[in-house]
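Read through the structure below, which is laid out as structure tokens, and then see the notes.
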Amino acid sequence: MADILSDLNPPQREAVTAPPGPLLVLAGAGSGKTRVLTRRIAWMLTELGAHPGSIAGVTFTNKAAEEMRSRVATLVGFPGRAIYLHTFHALGARLLREFGSAIGLPPSFVILDEDDSLSLVRDRLKAHPRGGDVPGGPEGIREAISLAKSRGESPAGVRAREGGIYEDLLSEIYDSYEKTRVRLSAADFDDLILLPTRLINEYPEVRDELRDRIRHVLVDEYQDTNPAQYAFLKALVGPGRDLTCVGDPDQSIYRWRGADIRIILEFERNFPDAKVITMEQNYRSTGLILEAASAMIAHNRERRPKKLWTAAGAGRPPVFYQALDEIDEARFVAESLVLLRAHDGPGDAAVLYRTHAQSRALEEEMARRGLKYAVAGGIKFYARREVKDALAYLRLVFNPADIISLKRALAAPPRGVGEATLAKIAASAEESGRPVMEILADPPLLGALPSRPRQALAGFLELVRGLERKLASDGYSTALDMALEKSGYLPWLDDRKPGEADDRKDNLRELFAAVKTAEESGISLGEFLERAALMSEMDKLEDREGAVILMTLHNAKGLEFRRVFLAGLEEGLLPHASSLDDPAELEEERRLFYVGLTRARETVVLTAARGRRQYDAFRWSQNSRFLSEIPRATLLEVGAPEALYGESPAPRSPADETPDGNVTRIPEEENGWDDESTPVPGSEVRHHSFGVGRVIGISGRGPRMRVTVAFPRAGLKTFVAGLARLSRVKEAA
DNA sequence: CAGTCCCAATTTTTT
DNA sequence: ATTGGGACTG
């Protein structure tokens, strides 16, 4: 089919048309990997006559899956509903709903998000004799369990691995967590991968059914696959079957979540008959950006060397600005953005940073200037307290064994049922193996309780029964509405924290709208709850016309922008402090920087501050080592936003060089002025790009002091006095 | 049982 | 500074 192949370059075409079998496509940043994946699926459908239901495409976000589906649909001319195009987790959930009863999970199982999972860990810790004070706390245990699961390790495996006191405890908690989880008819995120794998590997009828059904498997972002996902793929694909993996080892940034870069690096070892195709032509960025990124990432040892190239011109080099603090940094970012837009027209832009905490100063600056911005990430919508509270009612109706939701619903609003009562209910449920909601309806248990909790429980039970009826008669959105009305949740919000009540109510309204929309489009309650659990904030990010997007580097994976700002290029931030003692983690930080750089089509602006407010105190910082890994010829240091459009800077003189770095440092004696030698209007100064000019104005004091200089050719320029590379030529008379 | 006060933590978070 | 959990008290 002509349109499937016509506009592809040779390696892309080879990847799309490669015969079935293990195929690894090493797709450098911006080399068209999504294009290859969608075309290959289209190719299978049209040229190989593959049935849509025989293809499974795995992505890392729901959004990516949906985008891929619609692109395939466009290519082949039919909707492609039957293609399995999901995230790993959604695919796993789907298979679990179908086959999970074999391992004790009914189709109505609920998905535990990290929050739920943590409360289950807490609960198990409390039930454990030595669960009082654990190093790392409950969160540490939850992470350890998750990590074990992502490595495919069983509780026994954890104990066997190290066998220390901590591992023993961990193993016991893990074991108890698992038993309880099954009793609750629940699966956590890791289970959505682990359990389908187990089903395929241990139940021949499931394996045969699935392998008969799914004959082609394609995986996106393969560099961030963890061992459990890898095992899932191997189980799904079977020996010698069709598997296409696309990824870029240099963009592997989820090591801390269990992703293992070696899985992609060792693809050929794992699949000896594998075909490997490398795509190195970049269609996204201009030459100097690509050069800077390539040279920087070459400092990593654990990688596969490659050389990206582009047919595009050199473009402008990445720009670096040495900011004073996070406020100055934000100002530079905002001013540059305004200037870039004024000179080169509008275009999408993003400010990327390592940690969410960095967004605040940037947001404030954007707001102050009335620049439209959107912050991506942060607390996920479906993880917000009020949203989870509200959904707890629906989850409880959906899965009467869900103690976690019962607890939540019982406490929001508080109804006089506390820990003691709950422990009795839980014990009774555990003992009888029946769903908690059944226990709640049990007269013997209720009778044995003190009158206050007994009456409260009776009222609660009635509410839930009412919800069940409402759900059956009018659907789940009405039931949700009823839950909020009848539970007294809304009034409780009001008097708890009056300042927050409005925000929370807004979120509840948004939730209700989402629920209603879902229901009206025929989505079942189960599907809705699943979506809510598997939805990420990035899935919701919509393009706000003309808004700069603020987000973490992790969130930027897979995206591209005309203009990219990378803020906070400081030791301790990027690379992050927690990575400094581990070479592997340091390499991951470098990849994170690489991901950031390669998001840009046209403009890269890098900033570092000399110090910034962290928590409550001001800390000094050093510029990131990664900055000095960018070749000098591909990095332009500027002292002010205006310099982005100044005449091309004079070549740097040897005097500017520092012994260690590639980034030009400001020589101390020329480093602006201190309080004793304030520049005087009328004096002459030299700027590295604008030449000699006359100081015509001073504003602000101390570190905020700005100097306005009139240059014969460049006109008026304003600099932060302490940062601009100005040297004195002649004092005012 | 629930509100209040204190202490500790505070990287990233596709799902 | 902020937030959330745990201990403590009424």
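Each chain gets a letter, A, B and so on, in the order the sequences are listed, and its residues count up from 1. From a predicted model like this one, the values you see are computed outputs, not experimental measurements. Just the heavy atoms: all of them, side chains too, but no hydrogens, waters or symmetry mates, feed the values below.
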| said: Expressed as a whole number of angstroms, how long is the span from A:F60:CZ to B:dT12:C1'? | reply: 15 Å
| said: Categorize A:Y254 for me: base, sugar-phosphate, or nothing, with a 4.0 angstrom heavy-atom threshold over every strand shown. | reply: base
| field | Nucleotide nearest A:R360 when distance is taken to its side chain, options B:dT12, C:dT2, B:dT14 | value | C:dT2
| said: From OH of A:Y382 over to P of B:dT14, roughly how many Å is that when rounded to an integer? | reply: 15 Å
| request: Grab the CD1-P distance between A:I253 and B:dT14 for me, whole Å please. | output: 11 Å
| remark: Out of B:dT12, C:dG6, B:dT14, minimum distance to the side chain of A:R354 belongs to B:dT12
| note | Between NE2 of A:H576 and C1' of B:dT10 the distance, given in whole Å, is 9 Å
| request: May I have the step-by-step check of salt bridge (charged side-chain N to carboxylate O under 4.0 Å, His left out) for A:D116 and A:R395, ending in yes or no? | output: CA-CA 12 Å; A:D116 301 326; A:R395 281 170 55 134; 3.3 Å; yes
| Just how far, in rounded Å, is P of B:dT14 from CE of A:M68? | 18 Å
| task | Would you check if A:H554 stacks with the base of B:dT12, given a 5.5 Å centroid limit and a 30° plane limit, both strict? | result | no
| request: Grab the CD-P distance between A:E143 and B:dT11 for me, whole Å please. | output: 11 Å
| task | Go through B:dT11, B:dT14, C:dG6 for me and flag the one nearest to the A:R122 side chain. | result | C:dG6
| If each of A:E589 and A:A533 is mapped to the nucleotide of DNA chain B with the nearest heavy atom, which maps nearer the 5' terminus, i.e. the 5' end? | A:E589
| query | For A:H356 and B:dT10, is the shortest distance between a side-chain N/O and OP1 or OP2 below 4.0 Å? | reply | no
| message | Counting only side-chain heavy atoms from C-beta out, which of B:dG3, B:dT12, C:dG5 sits nearest to A:R385? | response | C:dG5
| message | B:dT14, OP1 or OP2 - any side-chain N/O from A:N62 closer than 4.0 Å? | response | no
| task | Let me know, please, whether A:S579 or A:R257 comes out on the 5' side of the other along DNA chain B by nearest nucleotide. | result | A:S579
| said: Any side-chain N or O of A:T355 below 4.0 angstrom from OP1/OP2 of B:dT10? | reply: no
| query | Is the shortest distance from a Lys or Arg side-chain nitrogen in A:D389 or A:R504 to a carboxylate oxygen in the other one below 4.0 Å? | reply | no
| query | Can you check whether A:K380 has a side-chain N or O nearer than 4.0 Å to OP1 or OP2 of B:dT14? | reply | yes
| said: Salt bridge check, A:K63 against A:E66: does any charged N sit closer than 4.0 Å to a carboxylate O? | reply: no
| task | Kindly indicate whether the side chain of A:S578 and the base of B:dT11 share any N or O donor-acceptor pair separated by less than 3.5 Å? | result | yes
| query | Can you name the one residue among A:D191, A:I145, A:L120 that meets side chain to side chain contact (heavy atoms under 4.5 Å, CB included) with A:E178? | reply | A:D191
| request: Can you spot which of A:L24, A:L26, A:V246, A:L243 makes a side chain to side chain contact (heavy atoms under 4.5 Å, CB included) with A:Y222? | output: A:L24
| request: Check the distance between B:dA8's P and A:E139's CD and give it to me in whole angstrom. | output: 18 Å
| Considering only heavy atoms from C-beta outward, does the side chain of A:L192 approach that of A:L534 to under 4.5 Å? | yes
| Within the structure shown, what part of the strands sits under 4.0 Å from A:D113 by heavy-atom distance: base, sugar-phosphate, or nothing? | nothing
| remark: Winner on side-chain proximity to A:E114, out of B:dT13, B:dC1, B:dT14, is B:dT13
| said: Between A:N555 and B:dT12, is there a contact of a side-chain N or O with OP1 or OP2 at under 4.0 Å? | reply: no
| request: Specify the separation, in whole Å, of atom CG of A:L534 and atom C1' of B:dT13. | output: 14 Å
| request: Establish, with yes or no, whether the OP1 or OP2 oxygen of B:dC1 is under 4.0 angstrom from a side-chain nitrogen or oxygen of A:R415. | output: no
| message | Between B:dT12 and A:W256, is there a base-stacking contact, meaning the centre of the base's six-membered ring lies under 5.5 Å from the residue's ring centre while the planes stay under 30° apart? | response | yes
